Structure formats: C-alpha cells, structure tokens
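These numbers were taken from a predicted model, which means no experiment stands behind them. Numbers restart at 1 for each chain; the letters A, B, ... are given by sequence-line order, proteins then strands.
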There are 2 protein chains.
Amino acid sequence: MNTRHDANWDERALLLLGVLMIQSQHGYQINDFIERCGVTTMKKPTAYALLDRLAAAELITVETEQAGNRPPRKVYTITTAGRTLFQQLLTRTLATADTPIAQGDIGLMFLNHLPHEVALQQLQQRLADLDQQLADRAHTHLPPDHGHLGIDLVLEHQQARLQADRDWLAATIARLTNGVEALMTPQR
Amino acid sequence: MNTRHDANWDERALLLLGVLMIQSQHGYQINDFIERCGVTTMKKPTAYALLDRLAAAELITVETEQAGNRPPRKVYTITTAGRTLFQQLLTRTLATADTPIAQGDIGLMFLNHLPHEVALQQLQQRLADLDQQLADRAHTHLPPDHGHLGIDLVLEHQQARLQADRDWLAATIARLTNGVEALMTPQR
DNA sequence: ATCTGTATAGTCAAACATGACTATATCGAG
DNA sequence: CTCGATATAGTCATGTTTGACTATACAGAT
C-alpha cells in the first residue's frame, strides 16, 4: 500500500535491513554499528523509530530476550518480506549516483563578502582540517570484521573523496593567492 | 540567548543571510535562488520557516510591499545584527571541512549480498548515471549573474567531486571484474 | 474571450529527527 | 567494598521538515 517513501527512507531502511541481514541483533548492537561505520548521520532515537516502523510493516520482527538478570533486550530479525525489500532497495541504490552536495560549498559561495586575506586564511585552516581527517583515517575505529569487502570499498571511496577535496582546495588556494584574475582564465 | 544551534542551522542560516547580503529580496526570489544554485536540499516551506525564525531573532526584517495590484510580497532585509552573524558564520564555515558522507555508500557496504554479476551490472548503471551528470553540467541552469566568483568556485568543486567519484567507481568496477582477490592486495 | 503557463506568495497537517534524560548490570582499579 | 567506566536499552518533549495544497495576476497563444 503505502510504499511511497523518499530517498532518505530508502537509504536508512537499507542500512537497518542490511545490518539485520548479517544477523539478528538487539538495539545496542545496531546503533553501535551505525555509529562506527560512518555512512550516515542517523541518530539512535531515529533508528529506534525506524525499527518500529519496519516492524509495523512486518519487514522485521521483534522478540524480547532475557539474558541472566540483565535488562531485557529486544532482538530484531529480518523477515522474508524484509529480505525481498532489501534486495530491491540494494539493487536500486547501487544503480544510481546521488548528486554530491557539499555543505561547505555554501560558505564558498559567499567568499567575496570577506576580505581577501581573511578568506585565504580560513581556507588554509580548512585545508589543515582536511589533512587532519586524511591522517586520522590511518587508524580507523571499525568493527573487527575487517576484510569485509563492502566496508573496505566504503573506506576507499571516502578516502578518494577526501583526497579530491583536498587537491581541489589546495589548487584553489594557490589560484586565489595569485590574485583573482587567474580564475577568469582557467586552463581547463 | 539561545545561540545553541546545530551545524545544519548554521549552514542554512548562512545561505539565507548570504542571499539577503546580495540584496533585499522577497520569498519567491529567495526560493528560486536556493533551488537553482544546488548547494542545499532545503525546501520552500523550510526556508519560509527559517526566515520567520531569523525575523523573530531580529537578524532580518520583513516588510509587506504592494506592487500594482499583484498579490502583496514580503520583502526580507538583513539587519546589522544579521550582518554580524553572517560574518561569523561565514568565517567559521570556511575554516572547517565537513566529513564527506555519501548516501550511496550504504549500498556499497552490502555489495556482497547480491550475485557478483548483478552487482557489477548495477555499478555499470551507476557509472553511466555519473557520466550523465558530468555531461549535463555543460549547460548549467544558473542565475544570469555568472562570472560571480563564489558560484564559479562551487561549480568547480562539484565537478571535481563528480569526477573523483567517477574515477574511483570506474577503477573499482575494473577491479571487481578481475575478481575479488585483487582487492585483497591493493597496489597503493 | 479563453486557455495555458508560470511568476507570485505562501500555509498546514503530519511525519521526522534528536538532545537530553532515565535506568540497571558488570567489571576492573584502588 | 566503592567508584567510575561502560555495556545495556531505550523514551520523550520539542523542534524541524516537507508533500500537498490554495490563490491571484499577467502574458502570449488560439
């Protein structure tokens, strides 16, 4: 019936269903994975809310499990319908490229409203920030199932993007330093 | 008082204030600019809501203007306080790089849940999508104030990212075609 | 005259997202 | 034995976001 959702819903549902494709898990594990893997900004309460909606749509089931005298856990398990949807979402998602929108570009757009040397100074700072991020990703804090193909691909892709951003920014700073005129005659 | 906002608020406020730094504008113009410039996914009602909040904080003023017997327009104008905040937000934004999160990476993560040849086929499709986007950006539909430094920078940056994505994806498809083993011994 | 397209200017109900908060259990350090 | 850290498992009030919708005015085509 109500299969009208936005792209955001698709991606997030895909993530949760994907996590449950690995194995049935309880809330803490799921949220832990989400926080660590770094492919989304979705927060804990949002994940719980979505899990509820997925359960309501019978794409997953919820069972309460009691281990020792710890607080009871809710264990989420993907259903057959969930697996089917997972396949569909995965196939569709892999086939389409999202238009890359960089938050930071909003600042770039109004660069001219700042004194030239101030703007350059801030961009230097951004470049340092970028270099820091590139350095940090040496010691990534990922779950111990490393060697998993998908995760390696994501890490590579993130690194490639970071590097592209860094290269472009460095080149841009250089051009801006040589005066704005250089921008009007780009050698592309 | 309540200066506790998230990064999202910062960027969006910066965009609206920046638009009003160019000149005072009415709602339609503002939203038109936002849609065309392609640096955010913020929708019209969201922009109006934010404009109301900015007005309540006295960062902008609103005047109703009657032109002919057309429907009345609300003209938004940035205040001195608004200009000050704009400078602050702009400076801060320029100095920090956002961690690049690619929606599409969620799909990548679960690549192994699809038959190898199906996955490759979908990625080919994604590559074609990317090439299409690169081709489309030849005839960009931007406002006629082209030559404006900031806009040119943003376009360049978007292109650089798109190109990086394309290159990485093409290389990855090639590696996956040659069998997964190649991934385990990357020549980096 | 009428129709179509589009510039114009928003509103609203409903869904969504999250910071802050509440609790209990286990374990190693001191 | 106590304290802090952290694994565990969420909830809720509050604010945010948006799809869908409502309207009027004008210009050019038919």
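With hydrophobic clusters built from ILVMFWY side chains whose heavy atoms lie under 4.5 angstrom apart, A:Leu149 shares a cluster with B:Leu108. Hydrophobic clustering keeps B:Ile101 apart from A:Leu134 (ILVMFWY residues linked when any side-chain heavy atoms are closer than 4.5 Å, directly or through intermediates). Side-chain heavy atoms closer than 4.5 Å link hydrophobic residues (I, L, V, M, F, W, Y) into clusters, and following such links, possibly through other members, connects B:Leu90 to B:Met21.
Residues B:Leu50 and B:Trp9 are in side-chain contact: their nearest non-hydrogen atoms beyond the backbone lie under 4.5 Å apart.
With hydrogens and angles ignored, no donor-acceptor pair closer than 3.5 Å exists between the side chain of A:Lys43 and the base of C:dG19.
If you measure from atom CD of A:Glu35 to atom P of D:dT8, you get 12 Å, rounded to the nearest angstrom. Atom CH2 in A:Trp9 sits about 18 Å away from atom P in D:dT18, given to the nearest Å. Between the CD1 atom of A:Ile34 and the C1' atom of D:dG10 there is a distance of 14 Å, given to the nearest Å. At whole-Å resolution of the value, CG in A:Leu54 and P in C:dA15 are 16 Å apart. Between B:Tyr48 atom OH and D:dC21 atom P there is a gap of 19 Å when expressed in whole angstrom units. The OH-P distance, from B:Tyr28 to D:dT24, rounds to 18 Å in whole Å. With rounding to whole Å, B:Phe33 atom CZ is found 18 Å from C:dA7 atom C1'. Atom-to-atom, CG of A:Leu50 to P of C:dC16 comes out at 8 Å; the value is rounded to the nearest Å.
An OP1 or OP2 oxygen of C:dT18 is reached within less than 4.0 angstrom by a side-chain nitrogen or oxygen of A:Thr46. Under 4.0 angstrom from either OP1 or OP2 of C:dC16 there lies at least one side-chain N or O belonging to A:Arg53. In this model, the phosphate group of D:dT17 is approached by a side-chain N or O of B:Arg12 to a distance below 4.0 Å at OP1 or OP2. Contact check, B:Asn8 against C:dA17: no side-chain N or O comes under 4.0 Å of OP1 or OP2.
Each of C:dG19, C:dT8, D:dA7 was ranked by its minimum atom distance to the side chain of B:His26; first place goes to C:dT8. Side chain of B:Pro45, nearest nucleotide from D:dT18, D:dG10, C:dG10: D:dT18.
Within 4.0 Å of B:Lys74, counting heavy atoms only, lie sugar-phosphate atoms of the nucleic acid but no base atom. Residue B:Asp32 is classed as having no contact, given no heavy-atom separation below 4.0 Å to the nucleic acid.
A:Gln133 contributes no side-chain N or O that, together with a main-chain N or O of A:Leu162, makes up a donor-acceptor pair within less than 3.5 Å.
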